[in-house]
2 protein chains.
Amino acid sequence: MLNRMEALARRAEQLRALADPLRLRIVGLLAAHGETCVCEILAETGTTQGNISTHLRVLRSAGLIRSQKIGKWVFYALERQALDELTGWLGGHLAGCAEGCASSLYACCAKGEVPLSWDAAHAREEVA
Amino acid sequence: MLNRMEALARRAEQLRALADPLRLRIVGLLAAHGETCVCEILAETGTTQGNISTHLRVLRSAGLIRSQKIGKWVFYALERQALDELTGWLGGHLAGCAEGCASSLYACCAKGEVPLSWDAAHAREEVA
DNA sequence: TTAGCATATCAATCTACGTTGATGTGTCAA
DNA sequence: TTGACACATCAACGTAGATTGATATGCTAA
């Protein structure tokens with residue numbers, strides 16, 4: 001089992017793999033077409049062959065797509081499970097607690113001299 | 001309205017803002033705490049103050065968080081709507097068509113000499 | 001008004017990434 | 001067996017990002 005920082009690093013790596021316009025186009029094509037030949041991706045994107053290969057490797061080493069060689073062609077497809085896991089995790093990570101958050105108190109970092117919260121700070125401002 | 005490439009670039013920028021372990025920790029804190037003082041983020045993450053400020057700026061210029069100055073403190077919070085939009089868009093982008101994809105035909109790039117699909121290539125392999 | 005605190009910004013450094021062009025590898029057809 | 005094709009890999013270049021330490025700004029309290 002991964003510790004917390006390693007898990008975050010892994011998720012960051014996966015998100016980073018998606019965080020590129022060309023790679024977003026690629027996964028969009030794979031989503032729309034299913035198993036897709038590299039040559040087709042190449043034709044649709046209009047960049048160099050080496051560049052496409054590099055981007056496909058980034059996505060693959062993040063575990064987001066898989067490849068299958070058939071004859072002299074290579075077909076790529078989404079790893080649906082990994083992508084679902086990622087989007088699900090992200091949703092959970094961003095969801096936080098449903099309620100009671102905005103009203104809870106958080107001590108500020110100043111050495112105990114001024115316990116502070118958003119509400120308390122607001123109150124100060126409203127008085128002033 | 002943005003054209004397709006600009007829209008992808010914008011989404012890539014937002015995903016990129018999330019694609020860092022420290023920034024994932026930050027948005028996790030904001031999700032759990034609601035409005036949160038920078039000093040608290042600083043205390044929880046244990047990195048330098050300048051570094052936190054930089055990462056917060058990245059998240060903010062991607063439109064994923066907002067800031068509010070109260071007295072000498074600055075409180076950050078998630079931009080729930082932008083994040084929901086992003087995760088929703090990503091889900092749609094990755095969903096593709098529900099069915100009929102894996103079985104459709106796609107011409108390969110070779111100049112018309114070998115129309116090819118995953119199925120056709122598979123058939124070739126099985127015969128061989 | 002002065003001193004201290006919270007935060008932002010800047011300069012500098014190191015590393016990682018995106019792109020291109022060239023080359024290597026495996027596969028097929030003639 | 002030779003040539004052509006599909007794809008991967010590599011070297012090189014320019015650019016962007018992460019981190020740190022120093023400095024600037026704005027607020028507050030004494």
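Letters A, B, ... mirror the listed sequences (proteins, then strands); counts begin at 1.
Between A:N51 and the phosphate of C:dG18, there is no side-chain N or O to OP1/OP2 separation shorter than 4.0 Å. One finds a side-chain N or O of B:Y76 lying less than 4.0 angstrom from the OP1 or OP2 phosphate oxygen of C:dA8. An OP1 or OP2 oxygen of C:dT7 is reached within less than 4.0 angstrom by no side-chain nitrogen or oxygen of B:R57. Distances shorter than 4.0 Å separate some side-chain N or O of A:T47 from OP1 or OP2 on C:dT20. A close approach under 4.0 Å does not occur between any side-chain nitrogen or oxygen of A:T54 and OP1 or OP2 of C:dG18.
Under the 3.5 Å distance criterion, the side-chain polar atoms of A:H93 are matched with a main-chain donor or acceptor of B:L24. Looking at A:R80, its side chain does come within 3.5 Å of a backbone N or O of B:A95 through a donor-acceptor pair. Side-chain N or O atoms of B:S53 include none that pairs as donor or acceptor with a backbone N or O of B:N51 at under 3.5 Å.
Atom-to-atom, CD of A:E13 to C1' of C:dC17 comes out at 14 Å; the value is rounded to the nearest Å. C:dG21 atom C1' lies 16 Å from atom CD1 of A:I52, rounded to whole Å. Nucleotide D:dG17 holds its P atom 16 Å from the CG atom of B:L22, rounded to whole Å. Separating the CG atom of B:L42 from the P atom of C:dC5 is a distance of 14 Å, rounded to the nearest angstrom. Regarding B:W73, its CH2 atom lies at a distance of 8 Å from the P atom of D:dT28, rounded to whole Å. Across the protein-nucleic acid pair, B:E40 atom CD and C:dA6 atom P stand 13 Å apart, rounded to whole Å. Taking atom NZ of B:K69 as the reference point, atom P of D:dT25 lies 12 Å away to the nearest angstrom. The CG-C1' distance, from B:L56 to C:dT7, rounds to 10 Å in whole Å.
The listed nucleotides are C:dG18, D:dG26, D:dA18; the one nearest the side chain of B:D20 is D:dA18. Proximity note for B:T48 (side chain, C-beta onward) versus D:dA6, D:dT20, C:dT7: the nearest is D:dT20. Comparing atom distances between the B:C37 side chain and each of C:dG26, C:dT7, D:dC7 picks out C:dT7 as nearest. Checking D:dA18, D:dC27, D:dA8 against every side-chain atom of B:H55, the shortest atom distance belongs to D:dA18.
As judged by a 4.0 angstrom heavy-atom cut-off over every strand, B:R23 is placed among residues touching the sugar-phosphate backbone only. Here A:R16 lies in heavy-atom contact (under 4.0 Å) with sugar-phosphate atoms only.
Within 6.0 Å of CZ in B:R66 there are more than 12 heavy atoms belonging to other residues, nucleotides or ligands.
For the pair B:R25/A:M5, a side-chain contact is recorded, criterion being any heavy-atom separation below 4.5 Å from C-beta on.
Taking only distance into account, the side chain of B:Q49 never meets the base of C:dA6 through a donor-acceptor pair shorter than 3.5 Å.
Salt bridge A:E13/A:R16: absent, no basic N to carboxylate O contact under 4.0 Å.
In terms of position along DNA chain C, the nucleotide closest to A:V58 lies nearer the 5' end than the nucleotide closest to the other residue of the pair A:K72 and A:V58.
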